[in-house]
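Everything on this sheet refers to the single structure shown next.
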Amino acid sequence: MRLSRDFFAQDTLSVARLLLGKRLVRRWNGQRLSGCIVEAEAYIGQDDLGCHASVGRTARNEVMFGPPGRAYVYFTYGMHWMFNIVTEAQEFAAAVLIRALEPLEGIPAMKRNRQGRTGFDLCSGPAKLAQALLITRELNSADLCAKRGAELWLEDGPPIPDDKVATSPRIGLNNTPEPWESVPWRFYVRDNLFVSKAR
DNA sequence: CGCCAGATCCACT
DNA sequence: GTGGATCTGGCGG
C-alpha cells in the first residue's frame, strides 16, 4: 500500500514516529531500490530555529510551505543531498528528514551508487541514503503520492511498537538556540544496526 | 579505535 | 563573504 497524502498531513511528530518501519522506494532503470526507514527527524514550522523555514519563505525552502507528501531535497556542505518529506497543511512549513534506511531491494545498484560501499555504509545517514537511492535536485518538490509515473514513493510496512522506538535530540544542529537544539525530535528504531548513530 | 579537518556548492546575509 | 539538518580518510593513541 502506497502512503497517501492524508498520512503526511498529520502533525510532524506523528509522521516522523509513524514513518519508522515504512518503506522508501525509488524506481530507477526499471528496478526498485528500497529500504525500511529506521531513523527520522522532525522540523516543525517557522518558530523551530533548527528548521530551514525559520528564516522565512525563500526559494530554497519554498517546497516546505506547499502541500504535504512532496519531497524537499536540498544540497549542503558543498557535496551532499538531503531528502525530506513535507508534512502538515499547506502554508505551514514542516518536514521530516529521513536519516537512515535498512536496505531491502536493489542492494547491488545501491552499492554501485555508493562507490562499492556495503552494509552499514549504504544508507546509515541522510547524505548516504540520498546517494544510494539517487536522490538529487531533480526530485525536489516531487509528489510522493502520485498515482502513476512516480520515481519515488513510500509504502506501508510493519508497525514498530513503542518499546522499540527511541528518541534523542536532532543531529547536527550546532549553536542552534535552545530549546531547539535539544528537543527530542529524532526518532529511531532501538538496537537497529542501520541507524546512523547509536544515540 | 576516536578525533579532526578538508571537501566543495549554493542560498542567504 | 559565510557557513551549513555531512561524510570520509588520515593520523595519533
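Chain identifiers are assigned alphabetically (A, B, ...) following the order of the sequence lines, protein sequences preceding nucleic acid strands; residue numbering begins at 1 within each chain. What's counted below: heavy atoms across the whole structure, side chains too, no hydrogens, waters or symmetry copies. Remember, predicted model here, so these are calculated numbers, not experimental data.
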From [options], nucleotide with atom closest to [X] side chain:
X: A:Arg137; options: C:dA5, B:dA11, C:dC7; answer: B:dA11
X: A:Val55; options: B:dT13, C:dC7, C:dA5; answer: B:dT13
X: A:Phe75; options: C:dC7, C:dA5, B:dC9; answer: B:dC9
X: A:Arg60; options: C:dT6, C:dA5, B:dA11; answer: B:dA11
X: A:Met79; options: B:dT13, C:dA5, B:dT8; answer: B:dT8

How many Å lie between [atom1] on [X] and [atom2] on [N], as a whole number?
X: A:His80; N: B:dC9; atom1: NE2; atom2: C1'; result: 11 Å
X: A:Asn84; N: C:dA5; atom1: CG; atom2: C1'; result: 8 Å
X: A:Leu173; N: C:dT6; atom1: CG; atom2: P; result: 8 Å
X: A:Trp180; N: C:dA5; atom1: CH2; atom2: P; result: 16 Å

Report yes if a side-chain nitrogen or oxygen of [X] is closer than 4.0 Å to either non-bridging phosphate oxygen (OP1 or OP2) of [N]; otherwise report no.
X: A:Arg114; N: C:dT8; result: yes
X: A:Arg117; N: C:dG9; result: yes
X: A:Arg186; N: C:dA5; result: no

5' precedence on DNA chain B between A:Gly56 and A:Tyr77 (nearest-nucleotide basis): A:Tyr77

Distance-only polar pair, side chains of A:Ser34 and A:Glu105, donor-acceptor under 3.5 Å: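 Judged by distance alone, the side chains do pair up.
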
Donor + acceptor pair across side chains of A:Ser141, A:Arg70 (<3.5 Å): no

Any donor-acceptor N/O pair under 3.5 Å between B:dA11 base and A:Tyr74 side chain: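 Counting by modelled atom types and ignoring angles, no donor-acceptor contact under 3.5 Å is found here.
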
[X] and [Y] ion-paired at < 4.0 Å:
X: A:Arg170; Y: A:Glu41; result: no
X: A:Lys22; Y: A:Glu155; result: no
X: A:Lys164; Y: A:Asp191; result: no

B:dA5 pairs with, by Watson-Crick or G-U criteria that keep both distances under 3.5 Å: C:dT8

